[in-house]
Protein chains: 2
Amino acid sequence: MRIGELAKQSGVSVRALRYYEEQGLLESERTPGGQREFESSAVDRVRFFQTLYAAGLSSRRIAELLPCIDTGGTTKEQQAMLQSEREALAHRMAELREASARLDEVITASKARSL
Amino acid sequence: MRIGELAKQSGVSVRALRYYEEQGLLESERTPGGQREFESSAVDRVRFFQTLYAAGLSSRRIAELLPCIDTGGTTKEQQAMLQSEREALAHRMAELREASARLDEVITASKARSL
DNA sequence: GTAGGACCTGACGCTAACGTCAGGTGCAAG
DNA sequence: CTTGCACCTGACGTTAGCGTCAGGTCCTAC
């Protein structure tokens with residue numbers, strides 16, 4: 001499939017897709033005319049990237065994790081990277097919970113005041 | 001207290017504090033010589049900002065929420081803003097859980113492969 | 001063979017949250 | 001009164017993840 005179709009199916013912009021390729025996250029064949037040709041599996045891949053981006057990972061970090069993801073990450077370094085990223089996620093979730101709790105305090109306080 | 005002391009106690013840079021003030025998040029008196037003088041309560045306030053920043057809120061958003069936080073947010077608009085921000089946090093947490101789950105898949109898959 | 005939509009490669013623009021000079025002032029100590 | 005560190009106000013630099021032209025090519029259809 002070509003880039004426009006991939007964009008439509010994965011829900012990101014064409015520009016974003018070219019950027020992902022530039023960062024080494026996506027690969028593509030080229031037609032004789034020079035246009036990108038993606039495999040259909042790229043759709044899921046891009047959606048996966050979106051999930052990771054939403055979780056706060058950078059392109060750089062995703063690119064580092066890709067070998068682990070694609071090959072199954074058998075080296076110790078890869079295992080360690082996956083682990084540390086998991087811990088980072090846990091940390092971020094804790095921060096969110098903290099912020100959420102603090103906001104709740106404000107909310108309940110304001111409700112009490114408006115009674 | 002002066003800005004350097006506040007920076008030390010709250011754990012952020014002097015530049016960041018001036019930025020917060022610029023964005024309307026912090027207030028300060030001025031000495032005759034023009035130097036900022038903060039109340040000691042500013043320490044907690046700044047830490048609170050850090051919590052919200054960590055949760056993904058922008059300065060702009062925090063500034064919007066401030067009246068709710070300071071005055072107790074009694075208007076309907078303020079209540080609505082607090083609610084919507086709470087929901088946004090819940091959404092972000094769901095995204096994190098999703099990403100975390102996907103990463104776990106990768107991790108368990110790689111462990112299985114390395115056996 | 002030609003219209004025109006999809007695609008191409010630069011390359012500059014944008015926002016947020018500061019970092020980092022530069023050049024000048026305040027202030028507490030000796 | 002002079003160090004000398006803390007502080008001041010601009011103002012430009014930085015990073016990420018794209019948005020958005022500009023100017024030119026590909027490809028499919030008629």
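Protein chains get the first letters and strands the later ones, always in sequence-line order, with residue 1 at the start of each.
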Could you state the CD-C1' distance from A:Glu22 to D:dG19, rounded to the nearest angstrom?
14 Å

Give the residues of residues 31-51 of chain B touching DNA chain C, defined as any heavy atom closer than 4.0 Å, sorted by residue number.
B:Thr31, B:Gly33, B:Gln35

The nucleotide from C:dC7, C:dC27, D:dC18 with an atom nearest the side chain of A:Ile3 is C:dC7

Side-chain N or O of A:Ser59 less than 4.0 angstrom from OP1 or OP2 on D:dA16?
no

Expressed in angstrom and rounded to an integer, what is the separation of B:Arg60 atom CZ from C:dT15 atom P?
12 Å

Given D:dC27, D:dC18, D:dA6, identify the nucleotide with an atom nearest to the side chain of A:Arg2.
D:dC27

Send over the distance from B:Leu17 CG to D:dA6 P, rounded to a whole Å.
15 Å

Can you tell me the distance, in whole Å, between the CD atom of B:Glu5 and the C1' atom of C:dC27?
16 Å

Are any of the side-chain nitrogens in A:Glu98 or A:Arg92 under 4.0 Å away from the carboxylate oxygens of its partner?
no

On a heavy-atom basis, the closest approach of B:Met81 and B:Leu65 is CE-CD2, 3.7 Å

For A:Tyr53 and D:dT15, what is the distance between atoms OH and C1' respectively, to the nearest whole Å?
14 Å

Got a salt bridge between A:Glu85 and A:Arg61, using NZ or NE/NH1/NH2 to carboxylate O under 4.0 Å?
yes

Between P of D:dT15 and CZ of A:Arg61, the distance in whole Å
19 Å

Considering all heavy atoms of both residues, which atom of A:Cys68 and which atom of A:Gln78 are nearest to each other, and what is their separation?
SG-CB, 3.4 Å

For nucleotides 20-22 of chain C, which of its nitrogen or oxygen atoms have a protein nitrogen or oxygen under 3.5 Å away, and what is each distance?
residue	atom	partner	partner atom	Å
C:dT20	O4	B:Arg15	NE	3.0

Does D:dC18 have OP1 or OP2 under 4.0 Å away from a side-chain N or O of A:Arg18?
no

Residues passing the side chain to side chain contact (heavy atoms under 4.5 Å, CB included) test with B:Glu39, sequence neighbours excluded, are B:Ser41

Looking at B:Glu37 and B:Thr31, would you say the former's side chain and the latter's main chain have a donor-acceptor pair under 3.5 Å?
no

Pairs where residues 43-59 of chain B contributes a residue and the test side chain to side chain donor-acceptor pair (under 3.5 Å) is met, not counting sequence neighbours
B:Tyr20-B:Gln50, B:Arg45-B:Asp70, B:Tyr53-B:Ser59

Could you check whether A:Arg30 gets within reach of a base, just the sugar-phosphate, or nothing at all, counting any heavy atom under 4.0 Å?
sugar-phosphate

OP1 or OP2 of C:dC18 less than 4.0 angstrom from a side-chain nitrogen or oxygen of B:Tyr20, does that happen here?
yes

Whole-Å distance, B:Tyr19 OH to C:dG19 P, equals 11 Å

Please name all residues satisfying side chain to side chain contact (heavy atoms under 4.5 Å, CB included) with A:Ala63, sequence neighbours left out, ordered by chain then number.
A:Leu25

List the atom pairs, with distances to 0.1 Å, where a side-chain N or O of residues 7-15 of chain A and a protein N or O form a donor-acceptor pair under 3.5 Å, not counting sequence neighbours.
residue	atom	partner	partner atom	Å
A:Gln9	NE2	A:Glu5	OE2	2.9
A:Ser10	OG	A:Leu6	O	2.6
A:Ser13	OG	A:Ala16	N	3.0

Round to a whole Å and report the spacing from NZ of B:Lys8 to C1' of D:dC7.
14 Å

